[in-house]
Amino acid sequence: MQGMSLARFLIEQQRGAAALPAELRLLIETVARACKTIGHAVSKGALGEVLGSLDKENVQGEVQKKLDVIANELLLDANEWGGHLAAMASEEMATIHRIPHRYPKGECLLLFDPIDGSSNIDVCLSVGTIFSVLKAPADAAGREIAEEDFLQAGSNQVAAGYAIYGPQPLLVLSVGSGVYEFTLDREIGSWRLTDGPIRIPAGTPEFAINMARRRQWSDAVVRFVDDRVAGETGPCGREFTMRWTGSMVADVHRILKRGGTFCYPTDVRTGGARLRLTYEANPMSYLIEQAGGASIDGARRILDIVPTGLHQRVGLMLGDADEIAMLRETA
Ligand code: AHG
Ligand code: MN
Ligand code: MN
């Protein structure tokens, strides 16, 4: 299987037990192609005049980076005309983007975070693109897609994945039968299978959390981190190390390959959270579960949460299933 092209991998998924629908295969190939273009723009950096911010904010009140907008446009343009989608939603758009009437429509809904880790763009650290795929509800046939059609529990996802624009350009995806990694062969322009099915290594002594937000953590999170910081002399009886990249794609990828946990918990003082449920937490939780891990908001399984808004934020704790079980608060 190693070295197999993404195109062949998807055809085999279509013919095999996963019975991948042709529409979904086309969607993933299209997203993967767009990610090649985004990765190319990212790699040009200052020479391509793609670094820096724009003088505007997105719907979440965050200042948009030039690449946030460039990547959003590339994903919209690539996915509009293929006939595989009913509508799209993105971190960078206030509401959904319906497929224009001049194009045929499909049954899939695509959600994405065009650039995850935007704060890292200008300092040459890894950023990525996260995507999630849902089916439009059966009763949506023959009517306009509405924002409510996107408000489905993450367990309804039919595919999810991310690209990382790092030392190597990578694409990691699942269509519900394991997690697979593809590396871009730049000379040939083809994504080629380099790992999978990926299983999260157990017992890795690493955790990822923004320590500067300690005052916002629940007692359970404080205890979890303190126990690990105590190392050999604490209840875990072994040394741990901490990693935090500021790009969830990079942190989640490290966990898939090397193990450990990632936490961006709810702020117990305000009830607020940082990460978005529908296009960040859901796709990453789908991949983590497909690789044998667990993902919760503190008490609930992320994939069971029915969203109430497109840009809803959620506490997120994911990774090694045994470690996440230790973190679970009694609701
Ligand atoms: P985005 O760039 O799409 O807004 O997401 C950034 C997220 C996530 O990638 C990362 O884990 C987290 O924000 C970093 O937050 P801090 O800046 O608090 O470290
Ligand atoms: Mn993000
Ligand atoms: Mn983003």
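What you see is a predicted model, and the numbers here were worked out from it, not measured in a lab. Throughout, numbering of the chain's residues begins at 1 and tracks the sequence. When a ligand or atom number is given, it counts from 1 through the structure's own listing order.
Any N or O atom pair closer than 3.5 Å counts here, and Asp113 shares at least one such pair with ligand 1. Where the criterion is an N or O separation shorter than 3.5 Å, residue side chain and backbone included, Asn210 meets it with respect to ligand 1. In terms of polar-atom proximity, defined here as any N/O pair under 3.5 Å, Val249 makes no such contact with ligand 1.
The shortest separation from a heavy atom of Val127 to ligand 1 is not under 4.0 Å, leaving the residue out of contact. Look at Gly246 and you'll find a heavy atom under 4.0 Å from some atom of ligand 1.
Only backbone heavy atoms of Ile115 (N, CA, C or O) come within less than 4.0 Å of ligand 1; its side chain stays farther off. Contacts of Tyr279 with ligand 1, taken as heavy-atom pairs under 4.0 Å, are absent altogether.
Between Arg8 and Glu12, at least one side-chain N (NZ, or NE/NH1/NH2) sits under 4.0 Å from a carboxylate O, which counts as a salt bridge. Salt bridge status for Glu91 with Lys65: absent, with no side-chain N to carboxylate O gap under 4.0 Å. At a threshold of 4.0 Å, the pair Arg223-Asp226 does not count as salt-bridged, since none of the basic side-chain nitrogens sits closer than that to a carboxylate oxygen.
Every atom of ligand 1 is numbered from 1 in the order shown, and the set under 4.0 Å from a heavy atom of Leu275 is 7 (C), 8 (C). Of all atoms in ligand 1, numbered sequentially from 1 with element shown, those under 4.0 Å from a heavy atom of Ser247 are 9 (O). For ligand 1, the atoms lying closer than 4.0 Å to a non-hydrogen atom of Ser118 are 2 (O). Of all the atoms in ligand 1, the ones that sit under 4.0 Å from a non-hydrogen atom of Glu280 are 3 (O), 5 (O).
Checked options Tyr162, Phe112, Tyr279; the residue passing with Phe131 is Phe112 (criterion: side-chain contact (heavy atoms from CB on, under 4.5 Å)). Phe207 pairs with exactly one of Arg243, Met242, Glu323 by the side-chain contact (heavy atoms from CB on, under 4.5 Å) rule, that one being Met242.
At least one side-chain heavy atom of Tyr264 sits less than 4.5 Å from a side-chain heavy atom of Arg213. Contact check for Pro307 versus Leu151: side-chain heavy atoms found under the 4.5 Å cut-off. Side-chain contact between Gln14 and Ile11: present, with at least one pair of heavy atoms (C-beta onward) separated by less than 4.5 Å.
More than 12 heavy atoms of other residues, nucleotides or ligands lie within 6.0 Å of CD in Gln2, so this atom counts as buried by the packing criterion. Residue His311 qualifies as enclosed at atom NE2: its count of foreign heavy atoms under 6.0 Å is above 12.
Scanning the protein for heavy atoms near atom 19 (O) of ligand 1, the closest one is Trp244 NE1, 2.9 Å. Ranking protein heavy atoms by distance to atom 13 (O) of ligand 1, first place goes to Arg274 NH2, 3.2 Å. Nearest to atom 18 (O) of ligand 1 among the protein's heavy atoms is Tyr264 OH, 2.5 Å.
Nearest heavy-atom pair, Glu23 versus Gly83, reported as atom, atom and distance to 0.1 Å: OE1-O, 4.2 Å. Pairing each heavy atom of Phe150 with each of Ala146, the nearest pair is CD1-O, 3.9 Å.
The set of protein atoms (N, O or S) found at less than 2.8 Å from the Mn ion (ligand 3) reads Glu91 OE1, Asp113 OD1, Ile115 O, by chain and number.
Proximity of atom 4 (O) of ligand 1 to the protein is indicated by at least one non-hydrogen atom lying closer than 4.0 angstrom.
A donor-acceptor contact closer than 3.5 angstrom is absent between the side chains of Ser132 and Asn282.
For atom 1 (P) of ligand 1, the choice among Arg213, Met248, Arg276 with the nearest heavy atom turns out to be Arg276.
Judged by distance alone, with hydrogens and angles left aside, the side-chain atoms of Ser5 form no donor-acceptor pair with the main-chain N or O of Arg192 at under 3.5 Å.
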